Amino acid sequence: MAILIDGKKTSQDIKNEIAARVAEIKTEGGKIPHLAAILVGSDGASQTYVGAKVKACHEIGFESTLVRLDETISEEELLAKVEDINANPDIDGLIVQLPLPKHISVEKVTDKIKPDKDVDGFTPSNVGRMALNWPAYVAATPYGIVELLKRYNIETSGKHCVVIGRSHIVGSPMSILMARNGYPGNATVTLTHSRTQNLKEIAQTADILIVALGKPEFVTADMVKPGAVVIDVGIHRVEDASKKSGFRLIGDVKFDEVAEKASAITPVPGGVGPMTIASLLYNTLLAAEKKVYG
Ligand code: NAP
C-alpha cells in the first residue's frame, strides 16, 4: 500500500508557518500582507472559492479586501478597477476570480494585473519567469504539487515524469517545473494530451505520474508502474446516497487499485486540492516582503 501524501495536513503546516511569519512582521512593526480579490457576478462556486480565500487570510492574520462587481460590469470598468488596485500601495496581491462573464476577455484582464501583484501567477510575466527559473509567483496548483513533492522528500532527479493534461493552469506549468534544473525538478518529462498515442504504454514508464485531465478515475492500475508516485489533480462530484451531502469527491485516478501499486499517492479529497489556498497565501507573503520582483 502506498504512502498517503496528505495535502490537508501539509497545507495546514504551510498556513501555520505563514501565520508565524505574520506574527513576527507585526512584532517588527512591518507591513501586514494584504490580498485583494475581485469577484464578478454571483456564481455559487466562485463565491465559495473566494469566500474560502478571504477566510484563510483572516485565519493567518493577513488583511483582505473583497471587491464584488455586478455581472453586467463592462470590460473597461473591470480593467479600471484592476488599475485602481494596481496603484494602491496598501494592497500586495490581487486575484480576479475566474470564470468571468463571456463579454469580458480573461486575457485582457489577466494582462492588466501588475506582475508584482499577480499572486495567482497567471500573467505572461510570471509564467515566463517561472519557465526561465527566475523568482516568480508560481500558479497555485503547480506550486502546491511542488511543495508536496518537496515535503515528502520525493526524489525527482533523473526520474521519468509523465504529466497527463497540458492546461495552462496545471499540466503545462507542471511539466516545466519538473524539467527545471533544481529540486523538485531535473526529471525527464513527457507531457501528454488528448492527441497522445499509446498513452497507457507511456504512463506505464512513469516514475512520477501527474494526472490532470479532468476525467473521473481515468488512470487505472494497469497504467501505473509498480512503485510509481502518483499525483491526482482531478476533482469530480459523484452522487452517493450513503453520504449526508448526497455526493462524494473522486479524482482522475482510480484510487483504491492504484494505491495498491504505487509507492506514494495523493488522495481525493485531501491531496492536491487543499494546497491551492496555502500556495496563494504563500505568494501573497512573498509579494508583501517583495521577494519576487524586489
Ligand atoms: P482542462 O483545462 O480541461 O485540461 C485537460 C487536459 O487534459 C487537456 O490538455 C486535454 O488535452 C487533456 N486530456 C483530455 N482528455 C484526455 C485524454 N483522454 N488523454 C490525455 N489527455 C487528455 O483541465 P484542468 O483545468 O487542467 O483540470 C484538470 C482536472 O484537475 C479537472 O478535474 C479539474 O477540476 C482539476 N483541478 C483541480 C485543482 C485542484 O486544486 N485540485 C485545480 C485545477 C484543476 P487537449 O489539450 O488536447 O484538449
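Note that this is a predicted model, so its numbers are computed, not measured. Start at 1 and go down the list; that is how both ligands and their atoms are numbered.
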At a heavy-atom distance under 4.0 Å, which protein residues reach ligand 1? Sort them by chain and number, would you? Thr141, Ile164, Gly165, Arg166, Ser167, Ile169, Val170, His193, Ser194, Leu199, Ala212, Leu213, Gly214, Lys215, Phe218, Val233, Gly234, Ile235, His236, Val272, Gly273, Thr276
Any pair counted as ring pair (Phe, Tyr, Trp, His ring centres under 6.0 Å), so long as it reaches residues 233-263, sequence neighbours left out: none
Excluding Trp134, membership of its hydrophobic cluster (Ile, Leu, Val, Met, Phe, Trp, Tyr; side-chain heavy atoms within less than 4.5 Å) reads Leu132
Check whether more than 12 heavy atoms from other residues, nucleotides or ligands sit under 6.0 Å from atom CD of Gln197, and answer yes or no. no
Sorted by chain and number, sequence neighbours left out, ring pair (Phe, Tyr, Trp, His ring centres under 6.0 Å) with Tyr282 holds for Tyr143
Flag yes if more than 12 heavy atoms outside His58 fall under 6.0 Å of its NE2 atom; otherwise flag no. no
Got a salt bridge between Glu17 and Arg21, using NZ or NE/NH1/NH2 to carboxylate O under 4.0 Å? no
